[in-house]
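Here the structure is laid out as structure tokens; the discussion comes afterwards.
Naming: A, B, ... by sequence-line order, numbering from 1 per chain. Only a predicted model underlies this, so the values are computations on that prediction, with no experimental measurement involved.
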2 protein chains.
Amino acid sequence: MSPYDPSAFPPFAVTVDLVVLTVRRHALCALAVRRGESPFQGRWALPGGFVRPDEDLSAAAARELVEETGLCAHDPDSPVQANGAHLEQLATYGDPKRDPRMRVVSVAHLALAPDLPAPRAGGDANSARWAPVDALLAQGGYGREDEQATPLAFDHAQILSDGVERARSKIEYSSLATAFCPPEFTVGELRRVYEAVWGVALDPRNFHRKVTGTPGFLVPTGGTTTRQGGRPAQLFRAGGATLLNPPMLRPDV
Amino acid sequence: MSPYDPSAFPPFAVTVDLVVLTVRRHALCALAVRRGESPFQGRWALPGGFVRPDEDLSAAAARELVEETGLCAHDPDSPVQANGAHLEQLATYGDPKRDPRMRVVSVAHLALAPDLPAPRAGGDANSARWAPVDALLAQGGYGREDEQATPLAFDHAQILSDGVERARSKIEYSSLATAFCPPEFTVGELRRVYEAVWGVALDPRNFHRKVTGTPGFLVPTGGTTTRQGGRPAQLFRAGGATLLNPPMLRPDV
DNA sequence: GTGTTTATCGTCAGGAAGACGACTATGATC
DNA sequence: GATCATAGTCGTCTTCCTGACGATAAACAC
């Protein structure tokens, strides 16, 4: 087989799909849009769209993220967090039958965002919402008789599942959990992020010792807050460290 | 922008490129093929080729792997090791200018193989060889006046670098290092794999304690060998465990 | 036999994490 | 204003894991 033969290559459509995760009311939620057209009309799907002819993959993902959420994405290599989300490539899905109409290869990206106001619907999707990932992935199961109980369109359940697993494992050994927090946050708020993403309860005392004892993870801003009730808590910003060594240990599993 | 509009999508070429790694003579090596045609004619590149119209991405990668090495690839989810290599998706590269002729999106895959006899050249590549990754990535640097000192074609240096980094980090927390070993191997041989991939020296006694003390990592076959010289060493096969918990710690960095 | 090489077992100190007690500083309630 | 509930913060103790390194074992080369 002759590689890169410009005269005879099978044409593909290339899209980006986004797994946008946030933590709302102690639950890990993903952004879902309702499809307005066939196939899978009326079903929920991940936001996404075609890559433009002269657009890089990461640029396409960032553009879709802005269109859907208004979030400004940061480069994967500069994990600063201003009013933006963390964005990284997740994986690529190219089963020949994943789209019944034509051959579509989708480069999925993962975005982590702090809790936001209502999502803004893109021009093409007639509605968008944050939904708990458990509900989105519970296929036909436990959900109320809600449109949420229907499976996601295309192979988006698989993509979402892979994105959630990436997020779950990545907060173990990186400081990425701070991407779910506002610019200033307390140790307790960060702990609730871990608890929501992992679905477990963590010991507040050991967690406090761990995160405050890891150099470069958190830097105190000097302020305090009582927005969570109880005794006032110190406010922190994310420090420069991106890798946690030793990592945060996820209980049992 | 209307997603999945079959009447108006920009056509892309989709390829798979392979980072095939092995350990030869205590060095981490990658499979490189010499390009027989323009662009980058005569330069070294990663093996790869077009995805066929009705072929899944992983199937295309497995096919290319067989064509280049004769290795039978295993499914990423069934990490058994018979006469086959570990194969997993690495990342996707889609810079609009990465191929000067047309828009090509390449889904790179990472393969880990035991030390093999000479690679077999595919029909399209006039030569193929194992080369130390250090030499392939040393752009214009230290190499002898060898064709190896020229940078790899396209963005393949970046792809190879990402693949090597993935391998380096993945053997920390998984049993994947056994994919570099023959079906039966000794603790010392496994240690030399880690040393070659990480480029460090490990304490033989602590390494032995770690790998033999991790349940499911190694299972003794009962046999022994002296092929490394010295006192006879027990032979092991890879156990069922795929995740190492706690992980193997990489010194310093 | 002596030396060299590799494998394997053991010991010890230091660090990190889980379990959990205790105290502190707010707001809510009586 | 006293009491209570809530959340945050500091310690202690035990256990496990790792790194450093001594010691022994079993082959081969001479």
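- Straight-line distance from the CG atom of A/L202 to the P atom of C/dA19: 11 Å, rounded to whole Å.
- Here B/H208 does not reach the OP1 or OP2 of C/dA7: none of its side-chain N or O atoms lies under 4.0 Å away.
- Of the candidates C/dA7, C/dC20, C/dC9, C/dC20 carries the atom nearest the A/D203 side chain, counting heavy atoms from C-beta on.
- For the pair B/N206 and B/T186, both in contact range of DNA chain C, the more 5′-proximal nearest nucleotide belongs to B/T186.
- The outermost nucleotides of DNA chain D lying under 4.0 Å from heavy atoms of chain A, listed 5' to 3', are D/dT6 to D/dT12.
- Atom CD of A/Q234 and atom P of C/dA25 are 13 Å apart (whole Å).
- For the 3.5 Å distance criterion, the side chains of B/Q158 and B/H156 fail to qualify, holding no donor opposite an acceptor.
- Legend: residues meeting side chain to side chain contact (heavy atoms under 4.5 Å, CB included) with A/D203, ordered by chain and number and at least two apart, are A/R205, A/N206.
- Geometric assessment of A/R129 against the ring of A/W44 yields a positive cation-pi assignment under the 6.0 Å and 45° thresholds.
- Contact of A/R205 with C/dG21 (side chain to base): a donor-acceptor pair of N or O atoms is detected under 3.5 Å.
- Looking at B/Y93 and B/D17, their side chains never bring a donor and an acceptor atom within 3.5 Å of each other.
- Position along DNA chain D of the nearest nucleotide to A/R209 versus B/K210 favours A/R209 as the more 5'-ward residue.
- Rounding to whole angstrom units, CZ of residue B/R192 and C1' of C/dT5 are separated by 11 Å.
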With ring-ring contact (aromatic ring centres under 6.0 Å, His included) as the criterion, how do A/F185 and A/F236 come out once you've worked through the C-alpha distance, each side chain's angles and the decisive distance to 0.1 Å?
CA-CA 5 Å; A/F185 53 89; A/F236 294 88; 7.2 Å; no

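- The base of C/dA7 sits with one of its N or O atoms less than 3.5 Å from a complementary donor or acceptor on the side chain of B/R231.
- Taking 4.0 Å as the cut-off between side-chain N and carboxylate O, A/R250 and A/E165 count as a salt-bridged pair.
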Taking it one step at a time, do A/T22 and A/L112 satisfy side chain to side chain contact (heavy atoms under 4.5 Å, CB included)?
CA-CA 6 Å; A/T22 194; A/L112 308 184; over 6 Å; no

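- What separates CD of B/Q228 from C1' of C/dT4 is a distance of 16 Å, to the nearest Å.
- Using a 4.0 Å heavy-atom criterion, one finds that A/R191 contacts the sugar-phosphate atoms exclusively.
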